[in-house]
Structures are given as structure tokens and as C-alpha cells.
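Before any comments, here is the structure.
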Amino acid sequence: MRIAYLGKKGKLKAAMAQMGTVSKEDRPKVGQHANEVGAKIEAAFAEAQARIAGASGGAGAGIEMLKQERLAKLKRYNEDPQIVAKYGKDAAWGGKFENVTPIAEALKKFPPLKEGEQPKSETAFGKVRIAARMTLRRDQSKKLIFLTVQDQDASMQVALWNQKLNEQTLALLRDTLDLWDIVGFDGELAYTQKGEPTLWATEARILSKCILPPPDKHHGIHDKEIRYRQRYLDLIASPESRRTFILRSKAVARTRRYLDEKGFLEVETPVLQTIPGGAAARPFKTHLNALGIDMYLRIATEIPLKKLLVGGLEKVYELGRLFRNEGVDYSHNPEFTTFEAYQAYGNLDDMMALTEGLVSTLAQELTGSTTITWRGKPVKFAAPWPRLDYCELLKKHAGVAYDDEAGLDRKLKELGEDPSGMTHVDKIDAVFGSCAEEHLWDACFVINQPVEMSPLCKAHPQNPKLAHRFEAFAAKLEIANAYSELNDPIEQENRLTDQFGKYMNDDLDLLSEYQDQIDKDLADLENRVNSLKASSPITDAETSSVAKVLAQLKEENSLVKNLVRYGVHIAHNLVQSGKLGSNQKFADAFKNFARTSEISDRSRKFLVDLRSSNQSRHKDLLKIFERFSDPSLLIDRDFLCALEHGMPPAGGMGMGIDRITMLLAGADSIRDVILFPLMRPEEKQP
RNA sequence: GAGGAGGUAGCUCAGUCGGUAGAGCAACGGAUUUUUAAUCCGUAGGUCCGGGGUUCGAUCCCCCGCCUCCUCACCA
């Protein structure tokens, strides 16, 4: 790089290229000499450059040069006297362009050729105006240029020919029209001699200039990062991407129409909530300045929608964005789109009919078949979908009964997971997730989940241990989830309280263990240091550095212990306050947590540092404290109050639009069906 | 969070057992009046992701960091 200015044919460079012929022993000498010469030339060059600097901006390099070239053409086009006379100032930045015919429609004006029929290039099929982006250019000569242009749905050929188009316009466009410019054409439709439907332009003007170089005209953009970050490029360059997002839009519109036709009312409920309820995910936190309170982005729409059932709106749905502060992978994006629908006086059966009806309709209408192909394998969506019993699936694929605690533990260990610290429900879920879900390929309903897994769901009418619930799966993905909704406020409160109390009890145990562990660790460490000291003589410097480390560790451990003691204290208070149904009590306990004098400033700072650092040593401790402040465990009094006014029995269902779209569009990743998926921000150049 | 792959011209990608980086497309100049990823001749274009180290010499080897993808884990 240092002697790049010598150019590809620079003498020094040519000499360096001969290095391979120099004997190995002589290479260092030659190289050293070359460096000396190179440094001298470089210095002289730098000096010369410094003298010239300021005189001009320099040629510029790379993308900047390409941009300058396009800007020069823009200027030339905009300042052309004819263009100014016809369109006024800044013509290349366009304006309203009326009566445009979509390319797909223009193409329909060409009568289909019969087998073996020669197209008559002299016959015209009418005049149209089109507006489109120019993606390919084939200059035959100064008199004839073929272009390929594309609009949203189709592409076609345009010819700029001196027999049809004014010579001056042709000459100007020949010099100033770049790939990816957006152009408006008036012209006649006629075949070429080779039978290509073509618009023979009689008038053409640039409507918008593309001043950055476009990607490879044939390969398009392969870099997925660019496709996600700059989706507009992907949409222009990849027809399949355009098709996917058009399909997604149609799927959303069709879903709305399907629900509307069934008499559902579309409603909108708050995205900003004080208690993010209805699901067990962690929420995004934000702050409302006006009221000085923390708020959360919704993780589900379930609770407000049920309040509307109480209010007498009998069939409601909301289609919109949910936000979950969880992992990101091929089937999860932090913000995603679902719809939830609730039907008063209905139950699970209505929701099944709704789900399989809607999804098979979408598949049929948008892909032309109720069987689609995903990752190379067919997935059947034709209704009715099989109903599969959760516990039977568990038994069949994992070989354990859902209430067989020891069997579940055994299976988990087989799978390489540690069952300790997991709740019974976690275990069932983990085993089901690893053993059974992978067999759920064709669309199906999994029913009769254990009731503990479904806190907002009615128990099964025939078996109080089971939930009256289904999860719909296709291609191993969960695509929908439905309940016969729980409307008994007392039962509902008990379930929420149980869920909360369970966590607190577990955490209490964990904290005690943690405290013991810390004592043990520190003792071990001291023993090891002592035995080291005893076994081998060490220098004073070493002694003092060991002492220093040990002191640091002790200090850290005392801070951790302080935290643990405090955590135990809170957990005790919370659990022993008996009935935890009162949201206020819980909130007060948290206020205490933040303010208490029992937790020293140093410990609090330590906790803050712990949160911001990626240190994994005290990850478990941190997790427990995170759980103490987990807003999804807050008990929503308002919701219980609504239920106390009477909610009609109802069926409710939620469906993931992104995942349905993935399946319908054949997309491997959720990022391929979200226009602007979450990406880590790029580092800004200063 | 763990492991694996990757980051080279505007785009798509080669390459260097460490000796000063190449092709196609795009760009620029020219030829060409029915092409269609047009063709032909010529020209220019690079912080080889960033920072350190080893070396006469690093795009290549070593260390640290950033970003992306894939697999797994987490996420009803």
C-alpha cells in the first residue's frame, strides 16, 4: 500500500514482483533496500502532495468518484436548455407524473403469439405511458438503445430509437441516463424482430436520479447484512424478496377480511402498559416523563382484549406488533406481528375452525395450494387438521408420562440438560420441546396441555388437570395458540398468585444455596493459597500480589453476601406477607428494595456494575434479582377487577403472522419476512 | 450465552506455503441501427473490517476488538 501511487507498472513495484526470483538468503537485503528507496519516494510524494493540497479536492476514489460521475450527469441533464424549457428547473428530480400504466397491464396489450408465428415488428398495439426504474441498458449504437425497466410487479423492454424519439432527447439520455435511474416514458407498444414486447419511446424523461452505483446487475446483493439493513436495495435487486413482501401484505389484508367477514371487530389497545401481562416474556422498559413512571411495551394483547369482552364487544381482534425482550434467531425477532381474536360464548372448537379455516384459505389463495413446500419438504395445511394429545405425544416421542417427575429428570439428563432448579412445568416443556415438536410437520393442533402450563386458560371440561387449549404447529414452528378463556376471577387470581409465589420460593432456596457456596469458595481459595505458601517458597512481591487478589476477592464476596442476605430478606417478606394478590403490597416491597438501608451503597453500586458488565461469575445471583424486578410477575388488579364484573365465556386465539408468512413464502428466516429486522447498530465513523 | 464460517474494487467473488492483490459486472473513452446478463477494443479504480505484535517485509502468521451468517441454548 505504501507505494501504491507508483501504479501497477511502477518500477519499484515491478522490481518487487521479481522477488520470487531472488534467492532466499538475499531477499532480506533486497527487501531492506527496497524499503529504503520506497520510504524516500514516499516522503517526496507526501511533500509534493502537501504542496498541492487545497488547490483542488483531488480526484477522489472509489465510491466517491462514481458518485461524482453521476452527479455530473445529473447537472448536465438538469441544465440542458431543452429540458429546462420543457420541464423547468431540477427536471431530474421529477414531479407528479400522471396517467401511468403499470407494466403488467401494458404487457397484456400484446396479443399472444401462436406457436411458430413470427412477430410483426411494424404493428403497434397502442400508446401508453410508464414509469419505472431502469435496470439494464444495451446500447446498439448511437441511434438505438434497449433498456430493461421494472416497476413493482413486472419488467419490460424499452427502446430509445432515433426513428421514434427526438434526436436531441436521445443524445442527452445516451450521455446522462444511468442504471437505476427512475424514468418516465411515453411510447408505442410493438414487438421487436426477435419477438420481445417493447415500448418504443416517443418521449422519455428522468424522474429521479440514482447517484450511487447499483449492485451487480446479474448477481444482485448476496450480502445478507446489506439486504436487511438496506432493504430497499434488496427489494429492487431481488424479485423473490419483492414477492415475499407483497405476499405478506396480502396475507395480512386477507386475514383482516377473513375476520371481518366472520363478524369480528378490529380494535386497537395500548402498546404502552404499566403492567405487561398476558405472556411470560420479558418486556422492553421505557419511561413516561409526563407522569414520571416506568412503562413497558406490550408482550401480548390478551388482557385488554378480554376487558373488551367484559365491556360487551363480543367478537374482537387486534392485529399488530408485540415486543419481547428475548433472544433473536431464525424464528424470533424482538418486535413481531400477531393477531389475537376473542369470541364471546365460543370455545376452543370455534378457535380451531377459525385457525384451520384461515390458514388453509391463506395457503390456497396466496400460493395456489393447501400444501406448501418449506425447506424442501411439503407441509399440508388442508383442513381439518389432526388433533394430537399433548401427553400422548410426550409419551410417544419421549417415552415418559407428564406427571412422572423421575422419568422427566432422567430424560432431561439424557438430553444433556440439568433438571435441578427447573419447575415441573419447565421440565415437561423442555422434554416436549426437544422430543415431540420436531415431529409436528404437517399443520396440526396439539391439545390437552397440563393446566399448570396455561395460567389464563380454562380447565378441560372432562379433566381438571388438563387445559382446554390448543397450540397449532406446522413445520416444527408454533404458529397459533388458543384457549377456552378463563373467566372465573377467583380462580384467575389464585393462578397468578401461585405462579408468583412459586418463583419466590424457588428463588429463596437458590439464594440460600448461593450464600453457602460463596463461603465455601472463599475458604477453598484461602486453603489453596496457604498450601501453596507452605509447599514452595515465594517472593515478597508474589506474596503481596497474592494478598492483593485475595483482598479483592474477599471484598467482592462480602458485597455479594450482602446482596444475598438482602435478597433472602425480601423474598421472605414477600412470601410471608401471605396473600400476594395485592399489587400495591408488591409495589411497596419493591420500593423498599430500592431504598432500604440494609443494602449498602457499595453493594448497590456492585449490583449496578454487575448488571452492566458481562461478568458471568455471579450470573445466577443477577438472574434472581432480575426476577425480583420482573414486571410480568406483577399481578394485574385492573384485569381481575374486570373479570369480577363478569366476562362472557369465550374462545381466544393468537397467531403469528411472521411465521405464517415464512411458511407461505418459503422463507428460511423470520428476517426474510420482516422488512426491517432488528440489527445491531453499525459503529458510526467519527 | 457456546461453537463454527466469514468480512478483499461500487457489486459478485478469486488469490497470496509471508515478497507489495486479480477476474466478471458496474464506471470512463471508442466501435456497433433489433439487443435482451448484448458484443468487441482500450482506460482508470484497493486502508485486503479495525487495533496491536512477530518480521527486512503482513492482506496472509499470532493476540485483542467490531460486524454478519449458520448451528445450539434462551424465549409458552
Side-chain angles (χ1 to χ4, degrees), chain A residues 1-4 6-8 10 12-22 24 27-36 38 59-70 121 135-148 156-157 159 161-163 178-180 191-196 198 200 212-226 228-229 233 237 279-282 299-300 324-332 334 416-417 425-426 428-429 432-433 449 453-457 469 471 478 481 614 616 619 654 668-669 671 679-683:
Chain A
M1 184 43 225
R2 38 193 308 207
I3 50 173
L6 288 173
K8 284 185 183 170
L12 184 57
K13 201 159 179 188
M16 289 310 289
Q18 299 299 312
M19 190 61 109
T21 64
V22 177
K24 287 232 163 145
R27 283 185 193 182
K29 271 187 222 162
V30 176
Q32 210 158 12
H33 183 64
N35 281 340
E36 281 163 22
I63 194 165
E64 199 47 45
M65 202 160 71
L66 295 167
K67 193 170 166 183
Q68 289 305 327
E69 276 162 4
R70 284 178 171 237
S121 54
T135 54
L136 295 172
R137 175 173 164 171
R138 298 175 288 280
D139 289 34
Q140 300 307 310
S141 69
K142 291 198 161 135
K143 317 283 187 183
L144 174 65
I145 300 170
F146 288 111
L147 309 173
T148 300
M156 77 178 294
Q157 175 162 279
W161 191 26
N162 70 337
Q163 306 290 306
D178 282 311
L179 289 182
W180 283 37
Y191 286 112
T192 60
Q193 286 171 7
K194 293 271 169 68
E196 178 75 15
T198 300
W200 299 84
L212 285 173
D216 188 286
K217 66 183 182 186
H218 181 53
H219 297 95
I221 303 170
H222 278 200
D223 187 338
K224 287 194 183 180
E225 181 175 356
I226 298 177
Y228 297 147
R229 286 192 199 273
L233 298 180
R282 278 172 296 174
I299 56 173
R324 295 189 181 178
N325 208 337
E326 303 282 359
V328 179
D329 66 18
Y330 85 96
S331 64
H332 295 83
E417 291 189 55
V425 171
D426 290 342
I428 301 175
D429 203 39
F432 189 87
Q449 286 80 353
M453 305 183 68
S454 321
L456 299 167
C457 179
R469 169 189 189 188
E471 290 168 289
E478 184 185 347
N481 188 8
N614 254 347
S616 56
K619 222 163 48 184
D668 282 349
S669 163
R671 291 183 153 185
M679 301 289 276
R680 193 184 299 274
E682 283 177 294
E683 243 181 294

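- For the C1' atoms, the distance linking B:U68 with B:U54 amounts to 29 Å, nearest Å.
- Counting distance only, with no hydrogens placed and no angle test, the side-chain atoms of A:E196 and the base atoms of B:U36 include a donor-acceptor pair under 3.5 Å.
- Note: A:H222 NE2 to A:K224 NZ = 11.0 Å, rounded to the nearest 0.5 Å.
- Under the Watson-Crick and G-U wobble criteria, each requiring two contacts below 3.5 Å, nucleotide B:G50 is paired to B:C64.
- For B:A2 and B:A44, the P atoms lie 49 Å apart once the distance is rounded to whole Å.
- Across B:U59 and B:U34, the matching C1' atoms stand 47 Å from one another, rounded to whole Å.
- With a 3.5 Å ceiling on both atom-pair distances, B:U20 lacks any Watson-Crick or G-U wobble partner.
- The side chain to side chain donor-acceptor pair (under 3.5 Å) test applied to A:E478 returns no partner, not counting sequence neighbours.
- Rounded to whole Å, the C1' atom of B:C49 lies 24 Å from the corresponding atom of B:U71.
- One finds no side-chain N or O of A:K224 lying less than 4.0 angstrom from the OP1 or OP2 phosphate oxygen of B:G7.
- Side-chain N or O atoms of A:T198 include none that pairs as donor or acceptor with a backbone N or O of A:W200 at under 3.5 Å.
- Residue-level contact check: A:H332 touches the bases, meaning some heavy atom is under 4.0 Å from a base atom.
- When the C1' atom is used for both B:U20 and B:C56, the distance is 13 Å, rounded to whole Å.
- A:K143 comes within 4.0 angstrom of a nucleotide base, judged by non-hydrogen atoms across all strands.
- Only the P atoms considered, B:G22 is 14 Å distant from B:G46, to the nearest whole Å.
- Each of B:C75, B:U34, B:A76 was ranked by its minimum atom distance to the side chain of A:D429; first place goes to B:A76.
- Base pairing annotation: B:U39 forms a Watson-Crick or G-U wobble pair with B:A31, both donor-acceptor distances under 3.5 Å.
- B:U36 and B:C25 are spaced 16 Å apart, taking the C1' atom of each and rounding to whole Å.
- For A:R680 and B:C67, the shortest distance from a side-chain N or O to OP1 or OP2 is below 4.0 Å.
- Among residues two or more places apart in sequence or in another chain, the side chain to side chain donor-acceptor pair (under 3.5 Å) test is passed with A:R137 by A:D139.
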